[in-house]
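Encoded as structure tokens, the structure appears first; notes follow it.
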Amino acid sequence: MDVLKASPTIVYSPYIPTTTRNKTQFSKSIFHNLNLQLPCFTRNGSKSRLFTTLSSSPISTTESIEPPMPEVEAEVGKERFDWYSQWYPVMPVSDLDKRVPHGKKVLGLDLVVWWDKNENEWKVFDDTCPHRLAPLSEGRIDQWGRLQCVYHGWCFGGNGDCKIIPQAPVDGPPVHTFKKACVAVYPSVVQHDIVWVWPNADPQYKDIITKKKPPYIPVLDDPSFSKLMGNRDIPYGYEVLVENLMDPAHVPYAHYGIMRTRTPTVKVDREGGRPLDMKVKKLDINGFLGKQDWGSSNFIAPCIFHAFADVEVDQEHRRFSLIFMCVPVSPGNSRLIWTFPRNFGVRIEKIVPRWIIHIGLNLIVDSDLYLLHVQERKIMEIGATNWQKACFVPTKSDALVVGFRRWFNKYAGGEIDWKGKYSGALPPSPPREQLMDRYWSHVVNCKSCNTAHKGLKALEVILQIMSVGLIGIVAVTKQNMISMVVKTTMVSMAIVCFAASKWLAHFIYKNFHYHDYNHAF
């Protein structure tokens, strides 16, 4: 399964190798023979020609584009992307607690994800109780494994059927069996240890999984690869999130000091930016293929962007890949699920807790978060379909970004179909500290970080208690009962505990709540 080939040097940067490759590494590229297949992704049940054999002969249903392109305005074509006929990743299973229901939003739809122990599978319902429209995600799972609304106690089974209405007389009509007492159920499936949802609860899609499955990524089923995952709610929209992840040229600048990048032969500035030879191939309604000087990438519409190198870095065949899943949540909001599978250093992720790795990854997200939040508002002002008229993108380093905007405008009309739920306006910008808050956007949604946060907060309290307790003991103890050496030791320990609690409080706030990034320094 030769789908991912990369140098370990690109671990430092998702896009640009940090060291220079030798000549033998470039003896063969995957594009040296245009009849070679790219088996990185497959759409089960789909007739898409995007991810099939690359042929040297032109294909009438696809396009090959390179920037700069003349226009990226909205185009009206025969094919129109249907946002509600796709599978969407909701959350990694590793971050879902089977004991409680979880409220999530996808495409503007309020969903509740919960574990049905009777059927032994995850379920995705409309997050609305049919009684008085209370959110089921605020409810609980009762002792019989039913989803219970805690407003009036109505309970629902795995098929959305109402099992009991406590207020209905036992000898009265079985009102709980009425259709209006049922909850809408969305088709769902677990693939690659991620819960996926089909955003249409119409009964005709009940068995959609037999006809169309989520995009399959072989490396995520390979046991020789690591599969550490993470998620983060992002305070800017889906389009901005996708194009930012497709843009390697911003890494030396927006993430300066955080991510190591390759030093160019001729360094023109402190950060080390350099020309990048990038281009888009075979763009159609299902996405496109990307080609860079260091590797390749795939965009599987609407959610998946996968970047990987073309060459094996050594005789051990070590390979590394970047997989980003971008979920449209609502105007001005999106969700990112990431995983970076590799077949080397796998034991490291088994030893190092996830929360420690997430601290660094969250810092990367935060370092350009404010820039992108403001950028999105400027794009909204000029109109998404006028993107290229307002933006000057003359170099090949913007090829994938331009390719995404071309796809977005041509097949989606330059907008996400929210089914009239939103006016199109972006939500007001919150204060910077709230905008870049990590606790509600990540920590509460990450099992590892949430557990670490609770443990560190408890340790902070223990250190404070120890500090006060030691001082108290010294104060109330008579002078002749303990020696001066013991008193001095206890006071010193109290000072150390107090200082440690203060340092820990700062560490918790900086890494689990808010960490600003000053680009001027």
Side-chain angles (χ1 to χ4, degrees), residues 13-16 63 65-69 71-75 81 83 232 234-255 259 273 276 278-281 283-292 296-307 322-338 364-416 426:
S13 167
Y15 305 102
I16 305 170
E63 306 174 33
I65 59 176
E66 294 186 26
M69 296 187 302
E71 294 294 337
V72 193
E73 296 182 0
E75 303 177 32
F81 188 77
W83 293 90
R232 174 99 182 239
I234 307 293
Y236 50 81
Y238 156 86
E239 313 96 284
V240 177
L241 175 61
V242 174
E243 67 180 27
N244 182 58
L245 295 170
M246 292 181 174
D247 173 25
H250 83 281
V251 172
Y253 300 93
H255 305 301
M259 301 175 68
L276 300 175
M278 305 177 70
K279 54 187 174 182
V280 170
K281 291 189 172 186
L283 184 149
D284 68 12
I285 194 171
N286 293 302
F288 56 79
L289 301 175
K291 188 72 179 74
Q292 326 33 279
S296 301
S297 58
N298 290 339
F299 169 58
I300 305 274
C303 295
I304 297 175
F305 177 66
H306 176 212
L322 296 161
I323 299 173
F324 299 105
M325 302 183 184
C326 308
V327 185
V329 173
S330 62
N333 292 282
S334 55
R335 182 177 303 112
L336 173 63
I337 298 173
W338 68 79
I364 294 172
V365 173
D366 287 339
S367 58
D368 62 7
L369 188 150
Y370 184 76
L371 302 176
L372 298 169
H373 177 82
V374 175
Q375 178 195 67
E376 179 179 32
R377 276 146 177 76
K378 294 183 180 294
I379 293 175
M380 180 64 69
E381 289 175 3
I382 59 104
T385 56
N386 295 321
W387 180 84
Q388 188 156 344
K389 288 183 178 179
C391 299
F392 183 51
V393 284
T395 67
K396 290 186 176 182
S397 65
D398 290 311
L400 300 189
V401 175
V402 175
F404 171 73
R405 284 290 174 176
R406 179 80 181 266
W407 173 87
F408 189 60
N409 287 321
K410 180 173 183 178
Y411 296 107
E415 61 183 2
I416 296 172
L426 296 174

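Because the structure is predicted, anything quoted here is derived from the model rather than measured. Numbers for residues simply follow the sequence, beginning at 1.
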Please name the pair of heavy atoms, one in P235 and one in L369, separated by the smallest distance, quoted to 0.1 Å.
CG-CD2, 3.6 Å

Show the nearest heavy-atom pair for residues G287 and A301, with the distance to one decimal.
N-CB, 4.1 Å

Closest heavy-atom pair, P252 versus A249, reported as atoms and distance to 0.1 Å, is CD-O, 3.4 Å

With distance as the sole test, does E376 use its side chain to make a donor-acceptor pair with the main-chain N or O of G237 at under 3.5 Å?
yes

If you measure from CE on M325 to CG on L245, what distance do you get to the nearest 0.5 Å?
12.5 Å

Over all heavy atoms of both residues, which pair between L241 and S334 is shortest? Give the atoms and the distance, please.
CD2-OG, 3.5 Å

Can you check whether V242 reaches F324 side chain to side chain, under 4.5 Å on heavy atoms?
no

Hey, are the side chains of M278 and P248 touching, using non-hydrogen atoms and a 4.5 Å cut-off?
yes

Any Lys/Arg nitrogen of D366 or R232 sitting under 4.0 Å from an Asp/Glu carboxylate oxygen of the other?
yes

Indicate the atoms forming the closest heavy-atom contact of A254 with L371, along with that distance.
CB-CD1, 4.5 Å

If you measure from OG on S367 to OH on Y253, what distance do you get to the nearest 0.5 Å?
15.0 Å

Residues two or more places apart in sequence or in another chain: which of them pass side chain to side chain contact (heavy atoms under 4.5 Å, CB included) with I416?
W83, L107, Y238, E239, P328, F408, W418

Minimal non-hydrogen separation, L400 against K279, with atom names:
CD2-O, 3.9 Å

Atom CG of L283 and atom CG of L289: how far apart are they, to the nearest 0.5 Å?
9.5 Å

Among all residues two or more places apart in sequence or in another chain, which pass the side-chain hydrogen bond (donor to acceptor under 3.5 Å, both in side chains) test with Y370?
none

Output for pair (D398 CG, E243 CD), nearest 0.5 Å, gives 9.5 Å

Testing Y411, F305, W407 one by one against F299 for a ring pair (Phe, Tyr, Trp, His ring centres under 6.0 Å), which residue passes?
W407

Determine whether V393 and W387 satisfy the following criterion, side-chain contact (heavy atoms from CB on, under 4.5 Å), listing intermediate values before the conclusion.
CA-CA 10 Å; V393 284; W387 180 84; 4.0 Å; yes

Under a 4.5 Å cut-off applied to non-hydrogen side-chain atoms, are L372 and I234 in contact?
no

Is the shortest side-chain heavy-atom distance between H306 and I300 below 4.5 Å?
no

When rounded to the nearest 0.5 angstrom, what is the spacing between CG in L276 and CD in Q292?
9.0 Å

Could you tell me whether the side chain of I382 reaches within less than 4.5 Å of the side chain of K389, counting heavy atoms only?
no

Min side-chain heavy-atom separation L322-W338 under 4.5 Å:
no

From K378 NZ over to C391 SG, what is the distance, rounded to the nearest 0.5 angstrom?
11.0 Å

Contact between V402 and V280 at the side-chain level, heavy atoms closer than 4.5 Å - yes or no?
no

Quick one: salt bridge (Lys or Arg N to Asp or Glu O under 4.0 Å) partners of D368, sequence neighbours excluded?
none

